[in-house]
Amino acid sequence: MKEKTLTRIRKFTEDRNWDQFHSPANLAKSISIEASELLECFQWDEENFDLQHVKEELADVIIYSQDLLDKLNLDVDEIVDMKMAMNEKKYPVEKCKSK
């Protein structure tokens, strides 16, 4: 994510003094709620969906995820690389391709 975007997310929370409400549990709940709202975009029709609404809900998931990363002092690249290494080991191409 661009530094400008990170700064904007962090400033939004700071300006409103919302960090007091951003416990890891509350942020995880918010991610789940927003992910459900994203899924709702495809509830009745997987082909004819409102792309703008999808963007808005996906952005909410990303914003809350960044808030949780900040709260737990985690680096997104580090944890994604860690998980990708685990996935690559668990699902090797030669055993999983097209299956």
Side-chain angles (χ1 to χ4, degrees):
M1 190 175 307
K2 295 178 184 176
E3 191 61 39
K4 179 181 175 184
T5 305
L6 288 172
T7 299
R8 189 173 186 184
I9 292 169
R10 291 169 180 153
K11 184 175 182 339
F12 182 88
T13 300
E14 183 180 312
D15 287 351
R16 288 155 182 80
N17 195 27
W18 283 355
D19 190 59
Q20 62 182 318
F21 308 114
H22 284 184
S23 68
N26 283 346
L27 291 168
K29 291 172 197 174
S30 295
I31 292 166
S32 180
I33 291 164
E34 295 299 340
S36 294
E37 291 178 9
L38 174 59
L39 183 58
E40 191 175 35
C41 294
F42 304 97
Q43 185 173 10
W44 303 114
D45 191 340
E46 295 180 14
E47 295 176 15
N48 300 303
F49 52 86
D50 181 346
L51 183 58
Q52 180 60 35
H53 194 196
V54 170
K55 289 181 192 179
E56 292 168 13
E57 299 305 338
L58 183 56
D60 286 339
V61 171
I62 293 167
I63 292 164
Y64 277 124
S65 294
Q66 183 59 54
D67 287 340
L68 185 56
L69 286 162
D70 286 345
K71 179 58 75 173
L72 298 175
N73 295 312
L74 298 174
D75 179 88
V76 68
D77 292 318
E78 183 180 311
I79 67 172
V80 169
D81 286 342
M82 176 219 36
K83 184 59 177 177
M84 289 304 300
M86 293 169 66
N87 288 344
E88 289 162 354
K89 186 176 180 180
K90 186 175 181 178
Y91 305 105
V93 172
E94 59 276 1
K95 291 185 179 180
C96 298
K97 190 170 185 174
S98 299
K99 294 182 183 177

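Atoms considered below: every heavy atom in the structure, side chains included; atoms not considered: hydrogens, waters and symmetry mates. All of these numbers come straight from a predicted model, not from anything done at the bench.
Using a 4.5 Å cut-off on side-chain heavy atoms (C-beta onward), Lys83 and Val80 make no contact. Using a 4.5 Å heavy-atom cutoff, the side chains of Met84 and Asn87 are in contact. Proximity of Ile33 to Tyr64: side-chain heavy atoms (C-beta onward) are nowhere separated by under 4.5 Å. A heavy-atom distance below 4.5 Å is not found between the side chains of Pro24 and Leu27. Between Lys90 and Met86 there is no side-chain heavy-atom pair separated by less than 4.5 Å.
Taking Asp70 as the reference, Arg10 meet the salt bridge (charged side-chain N to carboxylate O under 4.0 Å, His left out) condition, with sequence neighbours excluded. Every residue was checked against the ring-ring contact (aromatic ring centres under 6.0 Å, His included) condition with Phe21, not counting sequence neighbours, and none meets it. For Asp81, there are no salt bridge (charged side-chain N to carboxylate O under 4.0 Å, His left out) partners two or more places apart in sequence or in a different chain. Residues passing the salt bridge (charged side-chain N to carboxylate O under 4.0 Å, His left out) test with Lys95: none are found, sequence neighbours excluded. Partners of Tyr91 by ring-ring contact (aromatic ring centres under 6.0 Å, His included), not counting sequence neighbours: none found.
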- [ ] Show your reasoning for whether side chain to side chain contact (heavy atoms under 4.5 Å, CB included) applies to Asp60 and Glu57.
- [x] CA-CA 5 Å; Asp60 286 339; Glu57 299 305 338; 3.6 Å; yes
Open item on the list: Would Phe12 and Ile63 count as a side chain to side chain contact (heavy atoms under 4.5 Å, CB included) here? Give the steps.
Closed with: CA-CA 10 Å; Phe12 182 88; Ile63 292 164; over 6 Å; no
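For Asn17 against Gln20, the heavy-atom pair with the smallest separation is O-NE2, 2.9 Å.
A chain of hydrophobic side-chain contacts below 4.5 Å, direct or via other Ile, Leu, Val, Met, Phe, Trp or Tyr residues, connects Leu74 to Ile31. A continuous path of Ile, Leu, Val, Met, Phe, Trp and Tyr side chains, each step under 4.5 Å between heavy atoms, connects Leu58 with Phe49, placing both in one hydrophobic cluster. Leu6 and Val76 fall into different hydrophobic clusters, where Ile, Leu, Val, Met, Phe, Trp and Tyr are joined by side-chain heavy atoms under 4.5 Å apart, directly or via other members.
A side-chain contact (heavy atoms from CB on, under 4.5 Å) with Gln66 is found for exactly one of Leu69, Ile62, Leu68, namely Leu69.
In this structure a side-chain-to-backbone donor-acceptor pair under 3.5 Å is present from Thr7 to Glu3.
Atoms OG1 and NE2, from Thr13 and His22 in turn, are 5.0 Å apart once rounded to the nearest 0.5 Å. Taking CD1 of Ile9 as the reference point, atom CD of Glu14 lies at 13.5 Å (rounded to 0.5 Å). For the atom pair Lys55 NZ and Leu38 CG, the distance stands at 13.5 Å (nearest 0.5 Å).
Annotation: side-chain hydrogen bond (donor to acceptor under 3.5 Å, both in side chains) contacts involving residues 28-51, sequence neighbours excluded, comprise Asp45-Asn48.
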